[in-house]
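As structure tokens, the structure follows; a few thoughts come after it.
Numbered from 1 within each chain, the chains take letters A, B, ... in sequence-line order. On a predicted model such as this, the values are computed, not experimentally measured, just so you know.
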Number of protein chains: 4
Amino acid sequence: MNATPNPELRSQRSRRAILDAALELAVRDGYARVTVDAIAAAAGVGKQTIYRWWPGKASVLLEALNDRTGPARDVPNSGDLGRDLTSGTQAVVRLLDSGLGTVWRALVAEAQTDPGLAEELRASFFEPRMQRWQARLDAAVATGELRADAPTRTMVEHLFGPIYYRLLLGTAPLDPADTAHVEYFLNGVRSPDCP
Amino acid sequence: MNATPNPELRSQRSRRAILDAALELAVRDGYARVTVDAIAAAAGVGKQTIYRWWPGKASVLLEALNDRTGPARDVPNSGDLGRDLTSGTQAVVRLLDSGLGTVWRALVAEAQTDPGLAEELRASFFEPRMQRWQARLDAAVATGELRADAPTRTMVEHLFGPIYYRLLLGTAPLDPADTAHVEYFLNGVRSPDCP
Amino acid sequence: MNATPNPELRSQRSRRAILDAALELAVRDGYARVTVDAIAAAAGVGKQTIYRWWPGKASVLLEALNDRTGPARDVPNSGDLGRDLTSGTQAVVRLLDSGLGTVWRALVAEAQTDPGLAEELRASFFEPRMQRWQARLDAAVATGELRADAPTRTMVEHLFGPIYYRLLLGTAPLDPADTAHVEYFLNGVRSPDCP
Amino acid sequence: MNATPNPELRSQRSRRAILDAALELAVRDGYARVTVDAIAAAAGVGKQTIYRWWPGKASVLLEALNDRTGPARDVPNSGDLGRDLTSGTQAVVRLLDSGLGTVWRALVAEAQTDPGLAEELRASFFEPRMQRWQARLDAAVATGELRADAPTRTMVEHLFGPIYYRLLLGTAPLDPADTAHVEYFLNGVRSPDCP
DNA sequence: TTGTAAACGAGACGGTACGTCCTGTCTTTTA
DNA sequence: TAAAAGACAGGACGTACCGTCTCGTTTACAA
């Protein structure tokens, strides 16, 4: 029947109630124990209203998290690259270490077996943030702070990789104070200044 | 009732059939589409025989993967740390990029919402391998190749973090040739030799 | 709110389109597969326009059938009661055996669990027709063709009961030629003429 | 997977609980308000256990009614056909006028749009009972009580038709005392004995 | 050789969540 | 203000797996 619903007629009230209810349930009960039925009931909404706008609970929660976290903010640019990288990665660690972190992990997990969600996650969260950071590194290249041939795109992965490694593989607790890899990283790509 | 089955009476034939069937199904159909019923049917085994020895399909597949991959092998130690790190991380990338990589991702994913599996995963896979690598780095400290104060434990996370970042977040395809982070990493923790 | 819409402002064009679309869909797809949405879409009409004037699809179809069949026509009165009963019941059988018969059965079915519809069905269809037939039988009493004490009201039920029995219980296919019960019936209630 | 479950392994306990719960709910709340979920919950049974053995709630209730009513009992054969027909039809009226009657009506209703159920209904209920009555009439033919050419099969429909007419079309309340049609019927098919 | 006890194949069970479907109401826009 | 359009709350539906629980049947050691 209604292949594609009309977004202009969408009830913002229902959208809000769904996002809020989903996040609250997920934080309180854990992602796995949240069901679409429960979200609908808690939001005072028909189940179909959820399925009309999202493919499943994972997408609801992704939007809820993005909505809560706000858009990709400008990465810090104080002129001191080391300080910016440190504070930036620490901010990420603090976010992931909060109550939302557990939901976030579950979402990344679900994306492993759901290509649609994986793409959604990449496009709506990782890509924008990675591009901001890449721009910051490009600026450092421009000022000569980083080597001219620094592969800024993959460097962003190297910056945040260790954080997600700990988060997802659980080999050690997350710790905002632990930013050693930033230091090593910088040493490796800084313009040579020994002599 | 059946508090603890007697491992000595366990049918090795069934165990083999289960592990083989599980892995084959997972590689062919994808982790998510594998069910315990399907494993049991494909292995010609009763469902209870699976639940008697494993808590669920995730653990079956973890054991199957470990069984297939073999025990943690000695990390390379050619005397040249850079060469060893490069070849070692490349080997990991190749493994994760194979057909088993998809299963592996799904397993890591499931561990996010299953603490028991997370611990099992850590203890049976990551911990042994991380310790081997840590030992390799400790050896490099001993030879003076690395700084004396190098935190070899967390360094291992920094080494493999970027690889898992790509694998799990899907920001770029895995590429064994891409080992730049090893270089940066080394520059950062190598003993100072500028002057 | 919408206590009672004003019938004078009603769109006859919409009414016609709804009745026609409903009947066409019901005959083509079967009553059960017709939905209010489908009727509205096929009629090029808003759903609310249906609910404004009818309580549900059953009433729409009842009106559509009544509209199609026309009002209760005069029962035959040729002077020969037997001939009239035979031709009258045959006409009913032919109607019920047509494509509309299936819709009719579904409507009678729905009335079993919907008292409102049951009353509507009785009042708009069965009652007028039964009264016509009862009048015909009363006339036969007046001419002495039937016994003076013949309970003409219930006799109508006895006349049509076997037809509906076959239609609704499906114990045999409807057959206009099969009017044996009219004969038995007449024998039973005719004025005694043996001697 | 399991196309056809093995009836020998079926749990009679569950079957009983389902039939009892279904009938109780249907009598208490009305057929339309009974849901498969509610039956399963009331019977302490998984929903799948119902769907494994029945196609839907209608079939459950049909079996429940048949189970409760018992097998087709022998129709009365006192030697007096009139008395037997009267008492037999009165018994039917009493059954249909009981609390089970409402459920029965709903079942007949559902059969109008569900060919599978219609067949089930015919085969498991109407056919056996009609055959018993036909046999009774055949016996009356044999004794000369009925005309030799009496079409005993369709005569059964003529006997019970009026009862179901009232039940399903609601033109008048059921009344065990109202057996006039039996009388007319007999007059019509009795062997001629006027002279 | 037989007795017995545990693991086994098979699969029915109670249960949870899913995603679809339809109903009847409500809201917005158009004529 | 009726009508077209369609989103909405609600809730039943049938499906897919889950992990548990019987069943008889094999298998392996003990008597």
Side-chain angles (χ1 to χ4, degrees), chain A residues 1-2 4-11 13-14 17 32-38 40-41 43-53 55-57, chain B residues 1-2 5-11 13-14 32-38 40-41 43-53 55-57, chain C residues 1-2 5-11 13-14 32-38 40-41 43-57, chain D residues 1-2 5-11 13-14 17 32-38 40-41 43-53 55-57:
Chain A
M1 297 289 174
N2 297 340
T4 43
N6 183 345
E8 300 191 2
L9 298 179
R10 182 172 187 180
S11 160
R13 206 172 133 279
S14 292
R33 266 187 288 280
V34 176
T35 68
V36 177
D37 286 74
V45 141
K47 210 159 38 142
Q48 193 59 40
T49 300
I50 296 181
Y51 283 111
R52 188 178 298 119
W53 302 108
K57 71 166 174 169
Chain B
M1 299 289 179
N2 298 339
N6 183 346
E8 300 191 0
L9 298 180
R10 181 172 188 181
S11 159
R13 207 173 132 279
S14 293
R33 268 187 286 279
V34 176
T35 67
V36 177
D37 286 73
V45 140
K47 217 164 27 145
Q48 192 60 40
T49 301
I50 296 182
Y51 283 110
R52 188 176 299 117
W53 302 108
K57 73 165 173 170
Chain C
M1 301 288 178
N2 296 340
N6 184 344
E8 301 191 0
L9 298 179
R10 183 173 186 181
S11 159
R13 208 174 130 279
S14 291
R33 266 187 288 280
V34 176
T35 67
V36 178
D37 286 75
V45 139
K47 207 156 48 137
Q48 192 57 39
T49 301
I50 297 182
Y51 283 110
R52 200 183 339 264
W53 301 108
W54 292 277
K57 72 165 174 170
Chain D
M1 294 292 173
N2 297 341
N6 184 345
E8 301 191 1
L9 299 180
R10 183 172 186 181
S11 160
R13 208 174 131 281
S14 292
R33 266 187 286 280
V34 176
T35 67
V36 177
D37 286 77
V45 141
K47 203 157 46 140
Q48 192 58 38
T49 300
I50 296 181
Y51 283 111
R52 189 165 14 246
W53 302 109
K57 72 165 172 170

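- The interatomic distance linking C/Ile50 (CD1) with E/dC26 (P) rounds to 18 Å, in whole Å.
- Taken to the nearest 0.5 Å, the CZ atom of A/Arg52 stands 12.0 Å off from the OG1 atom of A/Thr4.
- By the side-chain hydrogen bond (donor to acceptor under 3.5 Å, both in side chains) test, B/Ser11 pairs with B/Ser14, sequence neighbours left out.
- Atom CZ in A/Arg33 sits about 19 Å away from atom P in E/dG15, given to the nearest Å.
- One finds a side-chain N or O of B/Thr49 lying less than 4.0 angstrom from the OP1 or OP2 phosphate oxygen of E/dG9.
- Per the geometry, CD belonging to C/Glu8 stands 12 Å off P belonging to F/dA2, to the nearest Å.
- Considering only side-chain N and O atoms, B/Arg52 lies under 4.0 angstrom from the phosphate OP1 or OP2 of E/dC8.
- Remark: D/Lys57 NZ to D/Asp37 CG distance equals 11.5 Å, nearest 0.5 Å.
- Where C/Ser11 and A/Trp53 each meet DNA chain F at their nearest nucleotide, the meeting point lying more 5' is that of C/Ser11.
- Looking at every heavy atom in both residues, D/Ile50 comes nearest to D/Val36 through CD1-O, 3.9 Å.
- Annotation: B/Arg10, atom CZ; neighbour count of heavy atoms from other residues, nucleotides and ligands within 6.0 Å is above 12.
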Give every pair of a protein N or O atom and an N or O atom of nucleotides 10-14 of chain F that lie under 3.5 Å apart, one pair per line with the distance.
unit_1, atom_1, unit_2, atom_2, d
F/dC13, OP2, D/Val36, N, 3.0
F/dG14, OP2, D/Tyr51, OH, 2.5
F/dG14, N7, D/Lys47, NZ, 3.0
F/dG14, O6, D/Lys47, NZ, 2.8

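- When all heavy atoms are compared, the tightest approach of D/Pro7 to D/Pro5 is CD-O, 3.2 Å.
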| request: Sugar-phosphate means primed atoms, P, OP1 and OP2; the rest is base. With that split, encode nucleotides 25-31 of chain F 5' to 3' as B, S or - using protein heavy atoms under 4.0 Å. | output: -------
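- With F/dA3, E/dC13, F/dC8 as the candidates, the nucleotide lying closest to the side chain of C/Ser14 is F/dA3.
- For the pair B/Gly56 and B/Tyr51, the tightest heavy-atom approach, listed with the atom from each and the gap, is CA-CE2, 4.4 Å.
- Sequence order on DNA chain E of the closest nucleotides to A/Ala32 and D/Asn6 puts D/Asn6 first from the 5' end.
- Of all the heavy atoms in D/Ala17 and D/Ala43, the pair that sits closest is O-CB, 3.5 Å.
- For B/Gly46 against B/Ala40, the heavy-atom pair with the smallest separation is C-CB, 4.2 Å.
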